[in-house]
There are 2 protein chains.
Amino acid sequence: MVTTRGPAPGRRDRKKAATRQALADAALKLFLERGYDNVTVKEIAEAADTAIATLFAHFPAGKEALILADSGERLESLTAAVRERPEGTSVLDALHAFFAARGPFNDNLPDEYRVRVDLVLRTPALWAYARKVWVDCQPSLAELLAEAAGVDEPDDSLHVLARYVLETPDLASYRPDRRAALAEAFAHLKQGWPHL
Amino acid sequence: MVTTRGPAPGRRDRKKAATRQALADAALKLFLERGYDNVTVKEIAEAADTAIATLFAHFPAGKEALILADSGERLESLTAAVRERPEGTSVLDALHAFFAARGPFNDNLPDEYRVRVDLVLRTPALWAYARKVWVDCQPSLAELLAEAAGVDEPDDSLHVLARYVLETPDLASYRPDRRAALAEAFAHLKQGWPHL
DNA sequence: GACAAAATCAGAACGAGTCTAGTTTTGCAA
DNA sequence: TTGCAAAACTAGACTCGTTCTGATTTTGTC
């Protein structure tokens, strides 16, 4: 496995990471050039000079995962946003700020990110996958909310809130003014869960 | 097209409907016997004595659609539930009652439905498709909500509510006490949209 | 240098879904 | 009744994502 800040990644891990990166890079390049649906995994594997089987060994979640972060990474940032929120900020405000700073809601992103976000936004398969990955964080976010609310186990109410929160970016992205829709949604959620 | 209460469906329409029904029946039977994932569309087509191409001509939305109603039908019942709600009942209460009487939340269903609901509930692909079909009703439900709220066009707020409402059955079905979770969700939504 | 684990490989196989090009059935009208 | 166009249906080839098999190479370690 790739050592996250361990003694020093050996040659094996470096090569593995390089292969993975080559696949991700090739995928992004081809998707941007020709559109997600017009690129086959075979072409991506060839561009990265690997076998198709290797591609799926690195990205078992499939073609979409080649350019989208998994729930692990997302959950990390989400956790940080909640746990390290400024003193006096409500959980829901922190979550609102977290999403407002991300992909589709922040216009001040470096071009490198921008093109990627636009690609996802205009590709239904990718957007659906992104939503799924967020929603997969529901149980963990519910735990986080329980922690913030000072209870041991998340109950129905917190699971419902977690789901609504994670559903919101998807929903808001379909509206003409994405940022306004996001704000509107969080305003209502704060009414429904006044203590969070 | 199948005439819905027109003069009298001719032979052609009757045969077409029969083929469609044969496909749906064969699919349900095989899914129940061996599980959704262990049945191929080829087997279904053979059991219904049709070609695979015919199967997809009748169900272009794919394998899942063989046993799940499309948004058209769902929307009809949803519309009725909202428009014909008893005097003095809020829209959200009507929607709550509507879902509480359906599939996963009502234990008093005839066996014929019960087995189907259980199949959907225990098959991720089917459950995901069912959610999608509900969520596809979002724009229409937002219109309905606008109508009930006495405004011309649904704004962000109503689209958000529509989405949360349609997301709720899926969400609640994953909780240990589905009915309780459904009620909990609607209770919060009523706080967030007190006028509906 | 030997050996096991991990990474990679080519290619076959599978299932969903699309496409093509042709055949049969049906409704309708001359 | 016949003629004809539209609709329904068909077999089979094809694409694409994904999995499987079984082998080969690369790497870390002893």
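In the text below, chain A, chain B and the rest are named by the order of the sequence lines, each starting its count at 1.
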Item to check | Partners meeting side-chain contact (heavy atoms from CB on, under 4.5 Å) with A:Ala22 (sequence neighbours left out) | outcome: A:Ala48

Item to check | Residue-level proximity of residues 124-134 of chain A to DNA chain D when a heavy atom falls under 4.0 Å | outcome: none

Item to check | Interatomic distance, B:Arg20 CZ vs D:dC9 P [rounded to whole Å] | outcome: 11 Å

Item to check | Identified side-chain contact (heavy atoms from CB on, under 4.5 Å) counterpart of B:Leu145 within the set B:Asp155, B:Leu161, B:Leu92 | outcome: B:Leu161

Next on the checklist: Tell me the interatomic distance from B:Gln21, atom CD, to D:dA8, atom P, rounded to whole angstroms.
Outcome noted: 17 Å

Item to check | Nearest-angstrom distance from the residue atom CG of A:Leu55 to P of C:dT8 | outcome: 11 Å

Checklist entry - Residues in salt bridge (charged side-chain N to carboxylate O under 4.0 Å, His left out) with B:Arg14, at least two apart? => result none

Item to check | Strand contacts (DNA chain D) in residues 57-74 of chain A, 4.0 angstrom heavy-atom criterion | outcome: A:Gly62, A:Lys63

Checklist entry - Does a nitrogen or oxygen in the side chain of A:Thr54 sit under 4.0 Å from OP1 or OP2 of C:dA7? => result no

Checklist outcome for this item: Contacts of B:Glu84 meeting side-chain contact (heavy atoms from CB on, under 4.5 Å) (sequence neighbours excluded), chain-then-number -> B:Ala80

Checklist outcome for this item: The contact string for nucleotides 20-25 of chain D, one letter per nucleotide 5' to 3', using protein heavy atoms under 4.0 Å with B, S and - for base, sugar-phosphate only and none, comes out as B-----

Item to check | ring-ring contact (aromatic ring centres under 6.0 Å, His included) against B:His58, all qualifying residues, sequence neighbours excluded | outcome: none

Item to check | Integer-rounded Å distance: C:dG11 P and A:Phe56 CZ | outcome: 18 Å

Checklist entry - Does NZ or CZ of A:Lys63 fall inside the cone over A:Phe56's six-membered ring, less than 6.0 Å from its centre and within 45° of the axis? => result no

What protein N or O atoms touch nucleotides 5-7 of chain D N or O atoms at under 3.5 angstrom, if any, and at what distances?
residue : atom : partner : partner atom : Å
D:dA7   : O4'  : B:Arg12 : NH1          : 3.3

Item to check | Set of side-chain contact (heavy atoms from CB on, under 4.5 Å) partners for A:Ala183, sequence neighbours left out | outcome: A:His96

Item to check | B:Ser140 side, atom OG; B:Arg74 side, atom CZ - distance, nearest 0.5 Å | outcome: 13.5 Å

Checklist entry - Which heavy-atom pair separates B:Glu112 from B:Val115 by the least distance, and what is that distance? => result O-CG2, 3.3 Å

Item to check | Residues in salt bridge (charged side-chain N to carboxylate O under 4.0 Å, His left out) contact with A:Asp136, at least two apart in sequence or another chain | outcome: A:Lys132

Item to check | With A:Asp25 via side chain to side chain donor-acceptor pair (under 3.5 Å) - residues at least two apart | outcome: A:Gln21

Next on the checklist: Counting only heavy atoms from other residues, nucleotides and ligands, does the tally under 6.0 Å from CG of A:Asp49 exceed 12?
Outcome noted: no

Next on the checklist: Output the rounded distance in Å from CZ (B:Arg14) to P (D:dC9).
Outcome noted: 14 Å

Checklist entry - Quick one: is A:Lys15 getting a side-chain N or O under 4.0 Å of the D:dT27 phosphate, OP1 or OP2? => result yes

Checklist entry - In whole Å, what is the span from the CZ atom of B:Arg34 to the P atom of C:dG15? => result 11 Å

Item to check | Sub-4.0 Å heavy-atom contacts from residues 40-52 of chain A onto DNA chain D, ordered by number | outcome: A:Thr40, A:Val41, A:Ile52

Next on the checklist: Expressed as a whole number of angstroms, how long is the span from A:Asp13:CG to D:dT29:P?
Outcome noted: 10 Å

Checklist entry - Should we say atom CG of A:Asp111 is surrounded by more than 12 heavy atoms from elsewhere, each under 6.0 Å from it? => result no

Next on the checklist: Could you tell me if A:Arg116 sits above the aromatic ring of A:Phe31, with its cationic atom closer than 6.0 Å to the ring centre and no more than 45 degrees from the axis?
Outcome noted: no

Checklist entry - Any chance the side chains of B:Trp127 and B:Ser173 put a donor and an acceptor closer than 3.5 Å? => result no

Checklist entry - Charged N to carboxylate O under 4.0 angstrom, B:Arg131 versus B:Glu167? => result yes

